[in-house]
Amino acid sequence: SANPTAYEWHQPPLYYLLSAPFALSGGVLGVRLFSVFCGAVGLGLIYFTIRRLFPKDGVLPVVGVGLVALMPSHIALTSTINNDVLLEVCFSATVCLLVLMLRRGVQSRDALFLGFCVGAGCLTKATGILLVPVVLFALLLMAKNRESRPSLSRLMGISAAIVVLLSGWWFVRNGVLYGEVLPLKAFSRAFAGTALAKDFVAEIGWDGYLIHVGQRSFQSFWAVFGTPKSAERGIQLFLPNVWYGIMVLWAVGVCIGMIRLHFQRSKLFSKAQLQSLWVVFLTLGLVFVSFFGFILQYYQAQGRYLYPAMLPISIIGAMGWLALFPNRLRGFGGLVLLGYLAVFSLFYLLVVIP
């Protein structure tokens, strides 16, 4: 049953199960090293995916992986004990596999890997269930590409069976204990004493609340920290606004760049690349909608909830930014971005670590 004194009672067990050997051999440090390992795998998946999606572009994968590797909050998160790092790996691995399948077609071993990635995601965190519509959308695209129906049926059947074998027992267990496959009602009862959106809305209205949460979420996505005293009170600490202001300009630039790419898409991208980007955007959209729905009920201005979509964010962020520069200056544009993030991370470390 729900234990209000144990904050993670509702979480699926895979991260904790995999980290147990590290805890036995190295204690807290061992588990943190496991998180660092997951972070490194995530970076490898980002580079590999972008490299396969745009094999002729040597700049894009470097900027994409560097964007994530030099993100201060992400660096901090991947050195702590939390299941978000493993969930990010599951999302990135799933999207990576779908990109490969859209480019080269379905292979027999894809069903095993796909089922394992989705099942592991569902067994890591409830958000992992978002991988199911992503996979279904990608399979629909493959069907439109005239992929063999028997191959797709076999892929769906084997993948679904593996997902059920890996994570089905967890949902059955939730149904027995809480009367629902996802313990949402039990979660709401256990966290009734936490800050709720309606409490803030009553004071500042929905406009004020969404603006505040949007600002804090954007800032914490890039860099947020705390001291032992602030952590006890649940207070987030931020760097000077100028650091975040520059990232706002970067985000605006990415939007402009992606709009430019959109109007040139027929000349720049193949059909497989466009379909892969649709999967990328859908993944980011589903994660964002999930986060948005969460903040409509709870006050949780934490950008880390978008980290499962880190691979899509890295692809879109790098593509949009580099699209602002002519071909001969794309390398320079990437260097400017990564150089700034390196200084950003260094400043963050100097502030957080006395």
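- With contacts defined as side-chain heavy-atom distances shorter than 4.5 Å, the pair Leu152/Arg149 does not qualify.
- With Ser73 contributing its side chain and Val224 its backbone, the two residues share a donor-acceptor pair below 3.5 Å.
- Here the CD atom belonging to Gln11 is positioned 4.5 Å from the CG atom belonging to Asn83, to the nearest 0.5 angstrom.
- In this structure, Arg330 pairs ionically with Asp57, as a charged nitrogen and a carboxylate oxygen lie closer than 4.0 Å.
- Taking the six-membered ring where the residue is Trp, the centroids of Phe269 and His262 are separated by 6.0 Å or more.
- Side-chain contact between Ser314 and Ile50 is present, with heavy atoms from C-beta onward closer than 4.5 Å.
- Trp169 has its side chain within reach of Leu123: a pair of non-hydrogen atoms, C-beta onward, lies under 4.5 Å apart.
- Between Arg216 and Phe238, some side-chain heavy-atom pair lies under the 4.5 Å cut-off.
- Atoms CZ and CG, from Phe344 and Leu337 in turn, are 11.5 Å apart once rounded to the nearest 0.5 Å.
- In this structure, Leu141 CG and Gln275 CD are separated by 5.0 Å, a value rounded to the nearest 0.5 Å.
- Residues Gly303 and Phe221 approach most closely at O-CD1, 3.6 Å, considering heavy atoms.
- One hydrophobic cluster, built from ILVMFWY side chains closer than 4.5 Å, holds both Leu155 and Phe113.
- Annotation: the span from Leu114 atom CG to Ile162 atom CD1 amounts to 8.5 Å, rounded to 0.5 Å.
- Distance alone, capped at 3.5 Å, places no donor-acceptor pair between the Arg32 side chain and the Ile81 backbone.
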Using side-chain contact (heavy atoms from CB on, under 4.5 Å), reason through Tyr209 and Ile295 one step at a time and then give a plain yes or no. CA-CA 10 Å; Tyr209 173 73; Ile295 64 173; 4.1 Å; yes

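- Here ring pair (Phe, Tyr, Trp, His ring centres under 6.0 Å) pairs that include residues 21-52, with residues two or more places apart or in two chains, are Tyr15-Phe34, Phe22-Phe34.
- Put simply, the side chain of Ser220 gets close to the backbone of Ser217: a donor and an acceptor are under 3.5 Å apart.
- Residues Leu274 and Val280 share a hydrophobic cluster, clusters being chains of Ile/Leu/Val/Met/Phe/Trp/Tyr side chains in contact below 4.5 Å.
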Full working for side-chain contact (heavy atoms from CB on, under 4.5 Å) between Val85 and Glu88: CA-CA 5 Å; Val85 291; Glu88 181 184 326; 5.6 Å; no

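- Heavy atoms of other residues, nucleotides or ligands lying less than 6.0 angstrom from CZ of Phe116 number 12 at most.
- Put simply, the side chain of Leu296 does not reach to within 4.5 Å of the side chain of Phe291, judged on heavy atoms.
- Residues Leu268 and Phe281 are members of one and the same hydrophobic cluster, defined by side-chain heavy-atom contacts under 4.5 angstrom among Ile, Leu, Val, Met, Phe, Trp and Tyr.
- Separation of the Phe347 and Trp243 ring centroids falls under the 6.0 Å cut-off.
- In this structure, Leu131 and Cys90 approach most closely via the heavy-atom pair CD1-O, 4.2 Å.
- Side chain of Trp250 to backbone of Trp321: no donor-acceptor contact under 3.5 angstrom is found.
- Taking the centre of each ring, Phe294 and Tyr305 come in below the 6.0 Å mark.
- The heavy-atom pair separating Ile316 from Leu284 by the smallest distance is CD1-CD2, 3.7 Å.
- Linking Ile, Leu, Val, Met, Phe, Trp and Tyr whenever their side-chain heavy atoms come within less than 4.5 Å puts Leu324 and Val59 in one cluster.
- Using bins of under 30°, 30° to 60° and over 60° for the plane-to-plane angle, the ring pair Tyr307/His74 lands in the perpendicular bin.
- Judged purely by atom type and a 3.5 angstrom limit, Ser35 uses its side chain to pair as donor or acceptor with the backbone of Thr80.
- Environment of CE in Met258: crowded, with over 12 heavy atoms of neighbouring residues, nucleotides or ligands closer than 6.0 Å.
- In this structure, Ala23 and Val31 approach most closely via the heavy-atom pair CB-CG2, 3.5 Å.
- Of the possible donor and acceptor atoms, one in the side chain of Ser159 sits under 3.5 Å from a partner among the backbone N and O of Ala111.
- Counting only distance, with no hydrogens or angles, the side chain of Ser19 and the backbone of Tyr16 share a donor-acceptor pair below 3.5 Å.
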When you look at Leu102 and Lys271, which way does the side-chain contact (heavy atoms from CB on, under 4.5 Å) test go after all the steps? CA-CA 9 Å; Leu102 285 167; Lys271 180 180 179 181; over 6 Å; no

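- Between Val213 and Phe200 the shortest side-chain heavy-atom distance does not fall below 4.5 Å.
- Looking only at side-chain heavy atoms (C-beta outward), Val181 and Trp170 stay at 4.5 Å or farther from each other.
- You'll find the side chain of Lys125 stays beyond 4.5 Å of the side chain of Phe91, heavy atoms only.
- Distance check: Leu14 CG to Thr124 OG1 gives 4.0 Å after rounding to the nearest 0.5 Å.
- Sequence neighbours left out, the pairs with a member in residues 95-117 that pass side chain to side chain donor-acceptor pair (under 3.5 Å) are Arg104-Asp110, Gln107-Arg109.
- Here the CG-OG distance, from Leu341 to Ser345, works out to 6.5 Å after rounding to the nearest 0.5 Å.
- The backbone N or O of Val89 sits nowhere less than 3.5 Å from a side-chain atom of Ser92 that would complete a donor-acceptor pair.
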Kindly indicate, with the supporting measurements, whether the criterion side-chain contact (heavy atoms from CB on, under 4.5 Å) is fulfilled by Leu277 and Met319. CA-CA 11 Å; Leu277 289 174; Met319 287 181 63; 3.8 Å; yes

Apply the test side-chain hydrogen bond (donor to acceptor under 3.5 Å, both in side chains) to residues Asn174 and Glu180: give CA-CA distance (whole Å), side-chain angles for both, the deciding distance (0.1 Å), then the verdict. CA-CA 6 Å; Asn174 288 339; Glu180 50 186 351; over 6 Å; no

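- A pairwise comparison of heavy atoms in Val254 and Gly317 identifies CG2-O, 3.5 Å as the closest pair.
- Other residues, nucleotides and ligands contribute more than 12 heavy atoms inside 6.0 Å of the OH atom of Tyr340.
- Follow the hydrophobic side-chain contacts under 4.5 Å out from Val287 and you reach Ile129 in the same cluster.
- Looking at Asn145, its side chain never comes within 3.5 Å of a backbone N or O of Glu147 through a donor-acceptor pair.
- With Gln273 contributing its side chain and Leu53 its backbone, the two residues share a donor-acceptor pair below 3.5 Å.
- Ala138 and Val279 make their closest contact through CB-CG2, 4.1 Å (heavy atoms, listed as atom of the first residue, atom of the second, distance).
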